[in-house]
Amino acid sequence: MSSIMSQESCRVAEMLSVETCRNELSNCPNVLIETAEWKRTVLQRVEEADISKRLQMRVSGNKVLYHHRIRSSVSGCPNCCSRPQITDFGIVGS
């Protein structure tokens with residue numbers, strides 16, 4: 001499954017980063033949503049809408065800097081370990 005995630009991330013990674021909490025690794029007892037599924041959905045929607053290409057057209061030059069990218073985060077519970085409140089958009093399980 002992680003290879004699928006990394007392949008999906010590579011396609012749109014230039015303009016979008018999706019961070020998730022580490023609930024699957026730590027067996028967090030507070031998990032309310034499947035973060036991997038939500039991450040896949042976000043990446044799929046971004047790819048379908050061709051958002052990465054649209055954003056690249058707005059960047060002058062060919063070097064994509066960190067502040068050009070859209071940062072998003074998926075947190076499995078209201079504890080917000082992946083810090084969705086400081087990204088461009090966040091999803092919080094509740």
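Note that the structure is a prediction, hence the values are computed from the model and not measured. Start at 1 with the first residue, then count along the sequence.
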J.: Can you tell me how far apart CZ (R69) and OG (S52) are? Round to the nearest 0.5 Å.
T.: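 R69 CZ to S52 OG: 9.5 Å, rounded to 0.5 Å.
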J.: Between S17 and I70, is any pair of side-chain heavy atoms under 4.5 Å apart?
T.: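 Not touching, per the 4.5 Å side-chain cut-off.
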J.: Once side-chain hydrogen bond (donor to acceptor under 3.5 Å, both in side chains) is applied, do any residues pair with E34, and if so which ones, sequence neighbours excluded?
T.: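 Scan of E34 (side-chain hydrogen bond (donor to acceptor under 3.5 Å, both in side chains), adjacent residues dropped) gives none.
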J.: In Å and rounded to the nearest 0.5 Å, what is the CD to CG distance from Q56 to D50?
T.: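 Here the interatomic distance stands at 9.0 Å.
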J.: Are V46 and F89 connected, step by step, through hydrophobic side chains (Ile, Leu, Val, Met, Phe, Trp, Tyr) whose heavy atoms are closer than 4.5 Å?
T.: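 Yes; F89 is reachable from V46 via cluster members.
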J.: Which residues pass the side-chain contact (heavy atoms from CB on, under 4.5 Å) test with I91, not counting sequence neighbours?
T.: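 In terms of side-chain contact (heavy atoms from CB on, under 4.5 Å), with neighbours along the sequence ignored, I91 is linked to I33, W38, V42, V74.
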J.: Name the one of L43, T20, L16 that satisfies side chain to side chain contact (heavy atoms under 4.5 Å, CB included) with S72?
T.: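 When side chain to side chain contact (heavy atoms under 4.5 Å, CB included) is applied between S72 and each of L43, T20, L16, only L16 qualifies.
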J.: Please list, chain by chain and in numerical order, all residues satisfying side-chain contact (heavy atoms from CB on, under 4.5 Å) with R45, sequence neighbours excluded.
T.: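 If we apply the side-chain contact (heavy atoms from CB on, under 4.5 Å) test to R45, skipping adjacent residues, the hits are T41, E48.
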J.: Could you work out, with side-chain contact (heavy atoms from CB on, under 4.5 Å) as the rule, every residue matching P78, not counting sequence neighbours?
T.: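 Expected list: L32, S94.
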J.: Restricting to non-hydrogen atoms, name the atom on G90 and the atom on P84 that form the minimum distance, rounded to 0.1 Å.
T.: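 Between these two residues, the closest heavy atoms are CA-CB, 3.8 Å.
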J.: Take E19 and R71, measure what side-chain contact (heavy atoms from CB on, under 4.5 Å) needs, and give me the verdict at the end.
T.: CA-CA 8 Å; E19 184 178 325; R71 296 178 311 130; over 6 Å; no
J.: Could you tell me the separation between the SG atom of C77 and the CG atom of N30, rounded to the nearest 0.5 Å?
T.: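 Those atoms lie 4.5 Å apart.
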J.: Tell me the side chain to side chain donor-acceptor pair (under 3.5 Å) pairs involving residues 78-89, sequence neighbours left out?
T.: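 Qualifying pairs, neighbours excluded: S73-S82.
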J.: Roughly how far apart are M15 CE and R58 CZ, rounded to 0.5 Å?
T.: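 One gets 9.5 Å once the value is rounded to the nearest 0.5 Å.
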